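First the structure, in the form of structure tokens, and then the observations on it.
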Amino acid sequence: MPHTFDIAVIEGDGIGPEVTREAIRSVEAAATLDDATFEWTSYPWGTDHFFENGQMAPDDFLDTLAKHDAILLGAVGGPKWDDPSAATRPEQGLLTLRKELGLFANLRPISAHPQLVDASPLKREIIEGVDILFVRELTGGIYFGESGRRESPGGEAAFSEMVYQQDEIERVVRLAAEAARGRSGKLTSVDKANVLEVSRLWRQVAERVVREEYADLEYDVVLVDAMAMHLISRPTDFDVVVTGNMFGDILTDEGSMLPGSLGLLPSASLGESGPGLYEPIHGSAPDIAGQGIANPLATVLAAAMLLRHSLGLEAEAVAVEAAVAGVLDAGHRTADIAAGGPAIGTAEMGQQVLDALAG
Ligand code: IPM
Ligand code: MG
């Protein structure tokens, strides 16, 4: 039976509108495989909304978003936010969105496309074959613990508490373990259990969940400082990596250098229920906004994750991913991945994906 999916689109700032446009076109094209149809509702929330209305989005934005099947986000941020003393910042808006929508798991797949390995600052033999899925806990840990300032004998002091509850660890480890089952069956948990009590609980809970429920997986634990090394010395040894909020923030930025370009990396933020949030890892790139030269592929790949994780349209997701791989194999490049060679624009790259889907 034909089904209409209802997607919220927050194009946001900078290159956000240009890249989301191409992602929508690719989903529409992929959906012809099935009977699925889509309704796209665009919300003009972001920097301009903030500077016109004093807030990033209306007060009822969570209710509005919760009604949709999924959310596609371009990018939020830009030069208007350069003043670091600004009372409200887009980062805070994003954290509120994650927390209120219950998006506790952030999936960041990182793989090195064979045609682009030379775009990476790392050696070909290290990154060839890299295919890692980071699962970063997104609504707990030090990002959401108590914080504040206090007097101390040494002058003013500040603190940010890193706290995890058992159930927060269990649910994200389960989600990562399920993902590992669908891949090569290997799961790595990253912590700092040699020093931090919060990591000792993380390790204890993660090990129990895996032992009791996922004994079929190949499982290991790695300390976060060692992981920072392994990630660039032997990245092909890892498949699914699960870790807390701040460790995941840092390691995924490090990992994003493996494929060489931020322009290819998507991300998905998922909760227990309700809409997932899908976005490229890159920011709003105000320096190239409006020029039609941004690389839309990260957002196209984010849309593929949306098809897979929120809509259950696996065949369509695979088709979009294969189309992107095909376009890269055929040698099409936007400026960010062209290494100084000939480059095509945002819309042309989007069209190449559509042609590949049709072909
Ligand atoms: C990310 C970003 C955010 C984070 C910022 C913008 C709040 O770095 O999504 O990785 O720290 O989570
Ligand atoms: Mg980050």
Side-chain angles (χ1 to χ4, degrees), residues 10-16 19-20 45-47 49-50 55-57 61-62 65 71-110 132-145 147 160-164 168 172 175-176 190 192 224 227-228 231-232 241-259 261-271 275-286 298-299 301-302 305-306 309:
I10 306 173
E11 298 173 345
D13 303 320
I15 60 171
V19 294
T20 46
W45 300 338
T47 297
H49 192 280
F50 179 82
Q55 47 187 12
M56 303 288 285
F61 77 102
L62 288 167
L65 290 177
I71 306 161
L72 181 66
L73 177 80
V76 179
K80 285 189 179 173
W81 296 100
D82 279 352
D83 174 11
S85 62
T88 308
R89 297 199 48 86
E91 287 87 347
Q92 193 49 52
L94 189 58
L95 296 184
T96 306
L97 192 66
R98 289 172 179 170
K99 187 75 173 174
E100 298 292 319
L101 286 167
L103 305 172
F104 66 85
N106 183 217
L107 274 54
R108 295 187 171 184
I110 290 177
I132 303 174
L133 176 65
F134 275 98
V135 180
R136 167 191 175 192
E137 201 290 328
L138 203 58
T139 52
I142 197 166
Y143 275 54
F144 295 94
S147 66
S160 299
E161 186 186 40
M162 190 190 289
V163 54
Y164 269 114
E168 293 174 314
V172 76
L175 191 143
V190 174
K192 187 68 185 173
V224 63
M227 188 65 193
L231 199 52
I232 51 170
V241 177
V242 64
T243 190
N245 206 341
M246 186 167 69
F247 299 157
D249 179 46
I250 297 167
L251 290 175
T252 54
D253 261 27
E254 187 191 0
S256 74
M257 284 295 100
L258 297 170
S261 170
L262 282 180
L264 294 175
L265 297 176
S267 97
S269 303
L270 308 177
L277 175 73
Y278 300 84
E279 56 184 314
I281 280 193
H282 62 67
S284 61
T299 316
L301 291 170
M305 294 186 84
L306 182 157
H309 295 288

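These numbers were taken from a predicted model, which means no experiment stands behind them. In listed order, ligands and their atoms are each counted from 1. Along the sequence shown, the residues carry numbers beginning at 1.
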Quiz item: Which single N/O/S atom of Asp249 lies at minimum distance from the Mg ion (ligand 2)?
Solution: OD1
Exercise. Using a cut-off of strictly less than 2.8 Å, determine whether Asp253 has an N/O/S atom near the Mg ion (ligand 2).
Key: no
Quiz item: Between Met246 and ligand 1, which part of the residue brings a heavy atom under 4.0 Å of the ligand: side chain, backbone, both or neither?
Solution: neither
Quiz item: Does Arg98 come within less than 4.0 Å of ligand 1, judged by its heavy atoms?
Solution: yes
Exercise. Can you measure from CG (Asp253) to CD1 (Ile281) and round to the nearest 0.5 angstrom?
Key: 7.5 Å
Quiz item: Tell me, do Leu72 and Ile10 make a side-chain contact under 4.5 Å, heavy atoms counted?
Solution: no
Exercise. Find all atoms of ligand 1 within a distance of less than 4.0 Å from any non-hydrogen atom belonging to Arg136, and give their numbers and elements.
Key: 1 (C), 4 (C), 9 (O), 10 (O), 11 (O), 12 (O)
Quiz prompt | Test item, Arg108 contacting ligand 1 (heavy atom, 4.0 angstrom) | solution = yes
Practice problem: If you have a sec, work out which protein heavy atom is nearest atom 5 (C) of ligand 1 and how many Å separate them, to one decimal? | Solution: Glu91 CG, 4.1 Å
Quiz prompt | Point-to-point distance, once rounded to the nearest 0.5 Å, from OH of Tyr278 to CG of Leu73 | solution = 13.0 Å
Quiz item: In terms of residue, atom name and distance, what is the protein heavy atom nearest to atom 11 (O) of ligand 1?
Solution: Tyr143 OH, 2.6 Å
Practice problem: Calculate, to the nearest 0.5 Å, the distance between atoms CZ and CG belonging to Phe61 and Leu101 respectively. | Solution: 7.5 Å
Quiz prompt | Separation of Leu107 CG from Thr252 OG1 (nearest 0.5 Å) | solution = 11.5 Å
Quiz item: How far is atom 8 (O) of ligand 1 from its nearest protein heavy atom, and which residue and atom name does that atom have?
Solution: Asp249 OD1, 3.2 Å
Self-check item: Pairwise distance CZ(Arg108) to CG(Leu138) - rounded to 0.5 angstrom
Solution: 7.5 Å
Quiz item: When rounded to the nearest 0.5 angstrom, what is the spacing between OG1 in Thr139 and CD in Glu100?
Solution: 11.0 Å
